[in-house]
Student: 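Starting off with a structure, shown below.
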2 protein chains.
Amino acid sequence: MPSTPSLQTAAEIPTERLPTFADIEAAAGRLAGHAVVTPLLTNAELDRETGARVLIKPEMLQRTCSFKFRGAYNKISRLAVGPERPRAVVAYSSGNHAQGVAAAAALAGIPAVIVMPSDAPAIKVSNTKGYGAEVILYDRRTEQREEIAARIAAERSAAIIPPYEDPDVIAGQGTAAREIVLQAREIGAVPDLLVAPCSGGGLLAGTALAMETLSPNTRIYSAEPEGFDDMRRSLAAGRRVENEAVSGSFCDALLARRPGEITFEINRKRLAGGVAVTDAEVAAAMEYAFRVLKLVTEPGGAVGLAALLTGKLDARGRTVAVLCSGGNVDAGTFCKAVGGGTS
Amino acid sequence: MPSTPSLQTAAEIPTERLPTFADIEAAAGRLAGHAVVTPLLTNAELDRETGARVLIKPEMLQRTCSFKFRGAYNKISRLAVGPERPRAVVAYSSGNHAQGVAAAAALAGIPAVIVMPSDAPAIKVSNTKGYGAEVILYDRRTEQREEIAARIAAERSAAIIPPYEDPDVIAGQGTAAREIVLQAREIGAVPDLLVAPCSGGGLLAGTALAMETLSPNTRIYSAEPEGFDDMRRSLAAGRRVENEAVSGSFCDALLARRPGEITFEINRKRLAGGVAVTDAEVAAAMEYAFRVLKLVTEPGGAVGLAALLTGKLDARGRTVAVLCSGGNVDAGTFCKAVGGGTS
C-alpha cells in the first residue's frame, strides 16, 4: 500500500485488495468473544420527534468506546505467525483507531506504537497509553503521519495497521452493519435507510458491503461535518475530491482529507449519497443523545444522528438505522455541548 | 392501602397483597412491545478494574429513562374497564415514577395528575409535563404528598398509582431482573451477586421475587445514599426503621423515609444486605459511567455502581449484575459530577 495515496483511478486497484461479504462474515467469527455485540436501541421519544422508526447502533458501547476496535482486531488477528510475525504494530490515528489498535494489540500480545496528532483530545491520548501503547505525537500542520509511521515500521520491523485503507480493516468495520441487520430482524424491522459517520470511509465501505448482501434495499448515507464533507462531494462528483482544511472541525475524529482509494471504490457504487452537518447541529445532537437517549457521544460520533434530527436526512415514515460511532470525548467538550459546562 | 403507612408488623399484611413470581411473568407479557427490553452490557475495562465479571442493566435506556415505567405501565394496564374505570390516575413522586406514570397513562389514554416536590430536578418536571400529565408541586418539608394525592383522587374519581407499595407496581419492576437472568444465560453467565438502587424498595422487592425463582443462588444487595440508608438499617435491625432527614441528598430519587410495608416484608427475607455510599462516591460513579461506560446516569441511578466501584460490595472473582436505575439528570448537575462543568 502506498504510504501517501495518490488520486488513482478505480481501474488501478487490484480486485484482490477489495474485501467481500465473506470477509465480513469471517471477521465476525474472529471478533466473537472479543468485541462487544452492541445492542440495537429504540426510543419512543426519538421516533415521535422524527416521525420515523429509528434503530440506534451505539458503538460508544464497543470495546475502546468506538467501532474502530472491530477493524483493528480483525487486522491484527490476521498478522503472520512464526518467523514472519511483525515485532510490533504501528498506526496513525486522530484517536479512536489509536485506541482500537492499542487494545487489540494488547489482546494479541504484540507491542503497539501509535502516531497521534498533538491536538487530539486528551482522553484519546491517555486511553491509548492506558491500553499499553507507546504514543508518538506529531504536528498535523507540518508533518505527514504516514511518513512517520512508515519510518517506525521500517526501524522496528512493525506492521502498519491502516485506519481505513485496508481490506481486513474494512471487513472488521462491516461487522457493525451485519449486527444491525440481524438485530433488526429480531424485532421485525428492515432499515429503509442507514446513516453513519464518515472520515476516510472505512466504516461506510464495510457497511455498504454488509448491506449489499444482507439488506440490499437499504439506502446508505455518509454523514460528515461541513467543510470536511469530502465523501459527500466525491460521491456527487464521481471521483475523489479533497477538503481544503486539514484541521479546525469540532469533529476531531472525521478529519481525513479525502476518501481512501479502496473505500471510495466500494462506496461510490453503493452509497445513496452524503449529508453534511454544521458544528452547531452536531452539538445539538450530542445534547439530544445526553438528554433523551442517555448515551455519551463524541462530536464525530453524533454526525449521523445530527443528519436525522435536522431533517437533512428525511426519514419520515421510514425505518432508519443510525450508527453512532464513538463516545471518546473530554468532559469539558461534552459539557459545553450539552449546556452544563462553562461556555 | 393506607395513605400514610404506619409501621405495621409483617403479620398484618394479607398474603393476597404480596405479589408472586407469576405476577412478574404476567407483567412481562403486558410490557412486551411497550417497555424497552434494555440490553445487558459488559465492559472489559470495568471487569479489569473490579476483578469481577460485571453485567450492567442500563435502565436509563428504558422508556422515560428509568425502570419506573415498568411498574407504572403494569399497574395502569390492570385498571378496571367499563363503568368502574377511574377517570384519571394520580401519583406522587420525586420524578422518575412521575414520568413513568405520565407516559404509561398517555399510552392507556387516561389523564394523569402528578404531585411532585418543588425541589425536583427541572428535567423531571418538564419531562412529566411533556408526557402530557398535569403537575402539582408541593413543599417536601411542610406538606404530605400522600394527603394531596388522596384528596385529588377523591375529587376526580382518580386511581392512585403508588410508587412502590403495590403488588402490580412491584411485579412490573421485577421484570428488569427477569430480563437480567435471561440475558445473562444467553452469554453463559449466572450472577453471583446483584446490586440495585433502593428508595421505597419496590425495585428490590420485584428483583428479589424474580431472582428467587429464576436464580435462587444470587445474593441481592440494596444500595442507598448515606443518611438515607433506611433499607440497609432495616434489614440489619429486622424491622422497618426510618431516616432522620427528608431531603438534602444528592440522590433526589432515593429519598423515601422508610421501606414500604409490603416491600420490606418481601425484602427482609430475601436480601443479603445493604450498602450505603457517600455523595462523593456517587459522583465518582457517574463520572466513571460517563468516561468508561458512556452512559448517562442520574445520582440515584448510580448508587449500585458506586457500591461496586468503591469495593463496598466485594465482587472480586464473581459475576455481579449492577442495575443502573435511571438517567434523568439536569445538565448542570451531571457536568459538575463528571468534572466538565462549573463547580
Side-chain angles (χ1 to χ4, degrees), chain A residues 33-45 47-48 56 58-66 69 99 103 106-107 123 126-127 130-131 183 186-188 287 289-298 301 324 326-343, chain B residues 33-45 47-49 56 58-66 69 103 106-107 123 126-127 130-131 183 186-188 287 289-298 301 324 326-343:
Chain A
H34 300 288
V36 174
V37 178
T38 55
L40 195 64
L41 302 175
T42 59
N43 186 287
E45 286 301 298
D47 287 0
R48 191 181 58 74
I56 296 283
E59 282 291 299
M60 71 286 284
L61 305 181
Q62 184 52 263
R63 198 163 191 151
T64 71
C65 306
S66 92
F69 177 80
Q99 293 169 77
L107 284 171
I123 189 176
S126 67
N127 283 354
Y131 296 124
Q183 291 167 322
E186 288 176 18
I187 56 171
E287 192 277 333
F290 164 76
R291 179 170 43 86
V292 178
L293 306 182
K294 305 303 173 188
L295 297 171
V296 175
T297 56
E298 63 181 277
C324 295
N328 289 307
V329 57
D330 291 329
T333 302
F334 183 79
C335 290
K336 191 174 168 185
V338 305
T342 51
S343 62
Chain B
H34 300 288
V36 174
V37 178
T38 55
L40 195 65
L41 302 175
T42 59
N43 186 288
E45 286 302 297
D47 287 359
R48 191 181 57 74
E49 277 188 60
I56 296 283
E59 282 291 298
M60 70 286 283
L61 305 181
Q62 184 52 264
R63 198 163 191 152
T64 72
C65 305
S66 91
F69 177 80
L107 284 172
I123 189 175
S126 67
N127 283 354
Y131 295 125
Q183 291 167 321
E186 287 177 19
I187 56 171
E287 193 277 333
F290 164 76
R291 179 169 44 86
V292 178
L293 307 182
K294 304 303 173 189
L295 296 172
V296 175
T297 56
E298 64 181 277
C324 295
N328 289 306
V329 56
D330 291 329
T333 303
F334 183 80
C335 289
K336 191 174 167 185
V338 305
T342 51
S343 62

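For clarity, every value in this text was computed on a predicted model and none was experimentally measured. Throughout, a chain's letter reflects where its sequence line sits, starting with A, and its residues are numbered from 1.
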Student: Any heavy-atom pair between the side chains of B:Pro39 and A:Leu41 that's under 4.5 Å?
Tutor: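 Side chain of A:Leu41 against side chain of B:Pro39, heavy atoms only: contact under 4.5 Å found.
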
Student: Quick check on B:Val292 against chain A: is it the side chain, the backbone, both or neither that has a heavy atom closer than 4.5 Å?
Tutor: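 B:Val292 touches chain A through backbone heavy atoms alone.
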
Student: Which atoms of A:Phe334 come close to chain B, meaning under 4.5 Å heavy atom to heavy atom: side chain ones, backbone ones, both, or neither?
Tutor: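 Only the side chain of A:Phe334 comes within 4.5 Å of chain B.
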
Student: Under 4.5 Å heavy-atom distance to chain A, tell me which part of B:Glu45 shows up: side chain, backbone, both or neither.
Tutor: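 Looking at B:Glu45, just its side chain touches chain A.
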
Student: Let's go through A:Asn43 and B:Val36 carefully: what are the C-alpha distance in whole Å and the side-chain angles of both, what is the deciding distance for side-chain contact (heavy atoms from CB on, under 4.5 Å) to 0.1 Å, and is it a yes or a no?
Tutor: CA-CA 8 Å; A:Asn43 186 287; B:Val36 174; over 6 Å; no

Student: Under the side chain to side chain contact (heavy atoms under 4.5 Å, CB included) rule, collect the residues that match up with B:Glu287, sequence neighbours excluded.
Tutor: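 B:Arg291, B:Val338.
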
Student: Once rounded to the nearest 0.5 Å, what's the spacing between atom CG of B:Leu61 and atom CD1 of A:Ile56?
Tutor: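 B:Leu61 atom CG to A:Ile56 atom CD1 measures 11.0 Å (nearest 0.5 Å).
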
Student: I need the minimum non-hydrogen distance between A:Cys335 and B:Cys335, along with the two atoms involved.
Tutor: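 Looking at all heavy atoms of both residues, the shortest contact is SG-SG, 2.6 Å.
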
Student: What verdict does the side-chain contact (heavy atoms from CB on, under 4.5 Å) test give for B:Leu293 and A:Val296, after you've listed the backbone C-alpha separation in whole Å, the side-chain angles of each residue and the deciding distance to 0.1 Å?
Tutor: CA-CA 9 Å; B:Leu293 307 182; A:Val296 175; over 6 Å; no

Student: Could you check which of A:Asn328, A:Asp330, A:Ile123 has the highest count of heavy-atom pairs closer than 4.5 Å to chain B?
Tutor: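 Looking at each option in turn, the highest pair count goes to A:Asn328.
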
Student: Can you see which heavy atom on B:Lys294 is nearest to which on A:Met60, and at what distance?
Tutor: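 Heavy-atom minimum between the residues: CG-O, 3.4 Å.
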
